[in-house]
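Report on the following structure.
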2 protein chains.
Amino acid sequence: MPEGGWLDSQQQRAWLAYIRVQLRLTYEMNRQLQSDSDLSLPDYDVLTALSVADRGLMPIKVLAAQIGWERSRVSHHVRRMAQRDLVSCSLSTSDRRVTEVRLTRHGRRVLEDAAVGHVELVRRLFFDGLPRELEGPLSQALESVYTNIIAQGTLPPPVDWRPHGVSDRP
Amino acid sequence: MPEGGWLDSQQQRAWLAYIRVQLRLTYEMNRQLQSDSDLSLPDYDVLTALSVADRGLMPIKVLAAQIGWERSRVSHHVRRMAQRDLVSCSLSTSDRRVTEVRLTRHGRRVLEDAAVGHVELVRRLFFDGLPRELEGPLSQALESVYTNIIAQGTLPPPVDWRPHGVSDRP
DNA sequence: TGGAATTGCGTGACATTTCACCTAAGCTTT
DNA sequence: AAAGCTTAGGTGAAATGTCACGCAATTCCA
């Protein structure tokens, strides 16, 4: 191990702030989605990942890696979502071990409806409290961390993916 | 509503980075704790919150708010943790509706053991990838966001609390 | 003081998630 | 092409989490 030991006080401050934000934000997002649409936050994560995938379709394994879930959780969850007609599953023709999960027409509509309120909440809770001049540094910081996690972590790197409401065209 | 609509591209960048970091990090922390100690991340969150509480003890309601859980989740979880002798519950003498959850001797030891590996992981995944000069801005940014969430969100503000490995004395 | 409203929690039914294991398809070697 | 490996997924039971409701202690107020 590189150096062992504690975090210094500057790092403690950053970590404390991070944890606090993440706990509250998750709670609030869950709550908002649940009450304003028929989606849970996990539902939303799945739909979002699929919505930007090439042809709106992704193998289970890839989907799991994208959103940091156990494979079997995706398996169960996707089955339930299929019953609600949010996604559909089919066997890949090229490799018949893989199941492709695909966003249905209905799923896309539901996601797009839900995204409005969700993005609104994100703006209100996250960005309304963030001074413009810190947006850049924050992005940089988190991107650096992300890159490092990809390099150090155990999860395979993602294919291109972004949460809903985040597009390429500005 | 203030202005409705989408996030601008600077904000999209920040949000994308945040989501990516949070999904991966949660996954990795869960995994590390599970394999290196007998604790789940939820267990760890509970122990951590208690460990810094005044007299190592907290009403269920307060604990729930601290860590952003539903009250009843805390209720169930704490009961299970009590069976493992990590915490203990008792009725408050001043208000006999409230249940005080308290960290046991054993619970504290388990937490302290687990914290070593956990902090090590946090350093490796989070701080090794974060340039020193961005630590300050990151802290500031997240603290601003946090303050705003407290103000705007639905959860009551926390009493003083910090995750394990984060202390006052530098 | 005596309801009525509020507050803090526990509970049980139900939903979700995890874990260990299973199957089957592709791949490699012989 | 069969044996053995590896990889993608599904599955069922157990652990965990959510939701709606109920109970009891406290508070409010007429």
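Quick note: numbers below take in every heavy atom, side chains included, and nothing from hydrogens, waters or symmetry partners. Chain identifiers are assigned alphabetically (A, B, ...) following the order of the sequence lines, protein sequences preceding nucleic acid strands; residue numbering begins at 1 within each chain.
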What's the [atom1]-[atom2] distance between [X] and [N], to the nearest Å?
X       : N      : atom1 : atom2 : value
A:Tyr27 : D:dG17 : OH    : P     : 15 Å
B:Arg96 : D:dA25 : CZ    : C1'   : 7 Å
A:Arg97 : D:dA8  : CZ    : P     : 6 Å
A:Glu70 : D:dG10 : CD    : P     : 15 Å
A:Leu91 : C:dT23 : CG    : P     : 18 Å

- Query: Taking atom types as modelled and ignoring hydrogens, do the side chains of B:Ser92 and B:Asp95 form a donor-acceptor contact shorter than 3.5 angstrom?
  - Reply: no
- Short side-chain donor-acceptor distance under 3.5 Å, A:Ser40 and A:Gln34: no
- Task: Taking all heavy atoms of B:Glu135 and all of A:Ala14, pick out the closest pair and write down the distance.
- Result: O-CB, 4.5 Å
- Selection: residues 30-40 of chain A, any non-hydrogen atom under 4.0 Å of DNA chain C: none
- Message: I'd like to know if B:Ser72 reaches the base of C:dC9 with its side chain, counting only an N/O donor and acceptor under 3.5 Å.
- Response: no
- Item | Selection: residues 73-88 of chain B, any non-hydrogen atom under 4.0 Å of DNA chain D | B:Arg73, B:His76, B:His77, B:Arg80
- Task: Could you list the residues that satisfy side chain to side chain contact (heavy atoms under 4.5 Å, CB included) with A:Ile150, not counting sequence neighbours?
- Result: A:Tyr146, A:Pro157, A:Pro158, B:Arg24
- What is the nucleic acid contact for A:Arg71, judged by heavy atoms within less than 4.0 Å: base, sugar-phosphate only, or nothing? base
- Note on the structure: Closest of D:dC19, C:dG10, C:dG8 to the B:Ile60 side chain is C:dG10
